[in-house]
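Just so it is clear, the structure is predicted and the values come from calculations on it, not from any experiment.
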Number of protein chains: 2
Amino acid sequence: MRADARKNYDHLLTIAREVFAEHGAEAAMRDIARRAEVGLGTLYRHFPTREALLEALLRSSFGALAERAKSLEASMPSDQALVSWLKEIIAFTHEHRGIIAPMMGAIEDSDSALHASCVTLRSAGASLLARAQADGKARADLSGAELFDIIAALAWLREQSSHASRAERIFKVIAGAILSH
Amino acid sequence: MRADARKNYDHLLTIAREVFAEHGAEAAMRDIARRAEVGLGTLYRHFPTREALLEALLRSSFGALAERAKSLEASMPSDQALVSWLKEIIAFTHEHRGIIAPMMGAIEDSDSALHASCVTLRSAGASLLARAQADGKARADLSGAELFDIIAALAWLREQSSHASRAERIFKVIAGAILSH
DNA sequence: ACCTGAACACCGTTCAAGT
DNA sequence: ACCTGAACACCGTTCAAGT
């Protein structure tokens, strides 16, 4: 990549992070280009879709969350590890308002730039779930795909401001439904 | 209301129903006016917000769902009544793609045209829940507001096409978390 | 009293013209 | 090779001008 292009690329990522933090993942692409003081075409040249931009921005975070699953798996009872990881995923999506909808769209669309990251996360969750199931601590009749659905539903709910005061309670109720009893 | 206004009002509702059915509740207001062959200002005069239009369209359905709760309550064991009603609510929101997000926004915004309908639904659910709780068939530590959150989460999930194949399973898992065991 | 549609301030996306 | 921003086809919402 040419030096000026590299500079634009990096600067766009920095500004996009700010704008997404302020307005959520549906923020106007135009606004990002404007605030980066770059032509709109430059933004689209580097990131042909909104999802490509989100992916470039969050790739390392998705990787870290997957690694985190392994580390929790190694340092905690399987049920605690699963629940802790679920908490961290929900906290992450909450910090990145608007990210769960494109993720849910990407999980079964291999053309999406977010596809690989979503599959990685689903696998990380499935692995934690499988270990808890092997220990008899999570209900046996749940798949990784179903766990991902539940995560997505909780993540979306967490984005709704009218739900804020009940977030912890609902998390406990739903997490309880995943564990065996 | 003047006769020509009445005619426009009714015609707009008919067309809006079609357009929302085709494109979901976020369909373009312009598109509705266009297809109704009415000026855009006429649409906004009758329905100053999208929510006012949705409310006029769905008011009777919301009322019917609330009535349905009472009728199920009278004709079934309390746990079955609760679960059946939940199923009907999810089916309804599924038929009206995009409706759950404005509903979730309206439930704590008394200025929203959808507010009253949402509160009515929440009350209907709370009543079913309370009866099941009194019978020891639903977990006692759940409020009507929490039930509404869970309904909203399930409804949103049901809108995601990647989730379609698992909808029944997830419903059972979550409904199971509401009942006692 | 009611209707119309231009006007305004936005979008996402593309692409000819420039450096 | 890369950048720019006008151009196109859209939005939601308002409001002056008409009937």
Side-chain angles (χ1 to χ4, degrees), chain A residues 1-57 97-99 101-103 105-106 109 111-114, chain B residues 1-57 97-99 101-103 105-106 109 111-114:
Chain A
M1 204 185 295
R2 226 166 65 179
D4 57 342
R6 165 102 262 155
K7 205 181 154 194
N8 277 335
Y9 181 93
D10 294 339
H11 187 52
L12 277 167
L13 278 184
T14 305
I15 298 294
R17 195 178 295 279
E18 288 175 21
V19 175
F20 284 146
E22 277 177 41
H23 301 105
E26 299 115 354
M29 296 295 269
R30 231 187 197 83
D31 201 28
I32 295 169
R34 206 150 36 202
R35 281 174 56 168
E37 291 177 300
V38 141
L40 198 40
T42 303
L43 173 56
Y44 277 99
R45 155 172 273 264
H46 287 297
F47 308 103
T49 64
R50 177 184 302 275
E51 276 155 41
L53 178 53
L54 289 168
E55 197 274 337
L57 218 48
R97 195 160 33 99
I99 192 64
M103 282 176 67
D109 172 12
D111 293 340
S112 165
L114 283 171
Chain B
M1 204 185 296
R2 225 166 64 180
D4 55 344
R6 164 101 264 153
K7 206 181 154 195
N8 278 334
Y9 181 93
D10 294 339
H11 187 52
L12 277 166
L13 278 184
T14 305
I15 299 293
R17 195 178 296 279
E18 290 174 20
V19 175
F20 284 145
E22 278 175 42
H23 300 105
E26 298 115 355
M29 297 294 270
R30 233 189 196 79
D31 201 29
I32 294 168
R34 207 152 34 203
R35 282 174 56 168
E37 292 177 300
V38 141
L40 198 39
T42 304
L43 174 55
Y44 278 99
R45 155 172 272 266
H46 288 296
F47 309 102
T49 63
R50 177 184 303 274
E51 276 155 42
L53 178 53
L54 289 168
E55 197 273 337
L57 262 175
R97 195 160 33 98
I99 192 65
M103 282 175 68
D109 173 13
D111 292 341
S112 166
L114 283 170

N/O (side chain, [X]) to phosphate O (OP1/OP2, [N]) under 4.0 Å:
{"X": "A:Asn8", "N": "D:dC3", "answer": "yes"}
{"X": "B:His46", "N": "C:dC2", "answer": "no"}
{"X": "B:Arg34", "N": "D:dC11", "answer": "yes"}

Whole angstrom is fine here: how far is it from [atom1] in [X] over to [atom2] in [N]?
{"X": "A:His23", "N": "C:dC10", "atom1": "NE2", "atom2": "C1'", "value": "14 Å"}
{"X": "B:Arg45", "N": "C:dG5", "atom1": "CZ", "atom2": "P", "value": "16 Å"}
{"X": "B:Leu54", "N": "D:dG12", "atom1": "CG", "atom2": "C1'", "value": "15 Å"}
{"X": "A:Tyr44", "N": "C:dC15", "atom1": "OH", "atom2": "P", "value": "13 Å"}
{"X": "B:Lys7", "N": "C:dA1", "atom1": "NZ", "atom2": "P", "value": "21 Å"}
{"X": "B:Arg50", "N": "D:dT13", "atom1": "CZ", "atom2": "P", "value": "7 Å"}
{"X": "B:Phe47", "N": "C:dC3", "atom1": "CZ", "atom2": "P", "value": "11 Å"}
{"X": "B:Asp10", "N": "C:dC3", "atom1": "CG", "atom2": "P", "value": "12 Å"}

#### Entry: 5' priority, DNA chain C, between B:Gly41 and B:Met1 [closest heavy atom]
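Taking each residue's closest nucleotide, the earlier one in sequence belongs to B:Met1.
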Measuring from atom [atom1] of [X] to atom [atom2] of [Y], what distance do you get when rounded to the nearest 0.5 angstrom?
{"X": "B:Leu43", "Y": "B:Arg30", "atom1": "CG", "atom2": "CZ", "value": "11.0 Å"}
{"X": "B:Thr14", "Y": "B:Leu57", "atom1": "OG1", "atom2": "CG", "value": "8.5 Å"}
{"X": "B:Leu40", "Y": "B:Asp31", "atom1": "CG", "atom2": "CG", "value": "11.0 Å"}

### Query
Going through the checks in order, is the side chain to side chain contact (heavy atoms under 4.5 Å, CB included) test met by B:Ile32 and B:Leu53?
CA-CA 11 Å; B:Ile32 294 168; B:Leu53 178 53; 3.9 Å; yes
Strictly by Watson-Crick or wobble contacts shorter than 3.5 Å, is anything paired with [N], and which nucleotide is it?
{"N": "C:dA9", "value": "none"}
{"N": "C:dC3", "value": "none"}
{"N": "D:dA17", "value": "none"}

### Task
Determine, for A:Asp4 against A:Lys7, whether the closest basic-nitrogen to carboxylate-oxygen distance falls under 4.0 angstrom.
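A salt bridge is absent here (no side-chain N lies under 4.0 Å from a carboxylate O).
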### Task
Could you please name the option among D:dG12, C:dC2, D:dC2 that lies closest to any side-chain atom of B:Met29?
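Of D:dG12, C:dC2, D:dC2, D:dG12 is nearest to the side chain of B:Met29.
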### Task
Side chain of B:Arg2 only, please: which of D:dC3, C:dT14, C:dC2 is the nearest?
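Per side-chain heavy atoms of B:Arg2, the pick is C:dC2.
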### Message
If you go through the side-chain atoms of B:Arg30, does one of them form a donor-acceptor pair with the base of D:dG12 closer than 3.5 Å?
### Response
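Yes, a donor-acceptor pair under 3.5 Å.
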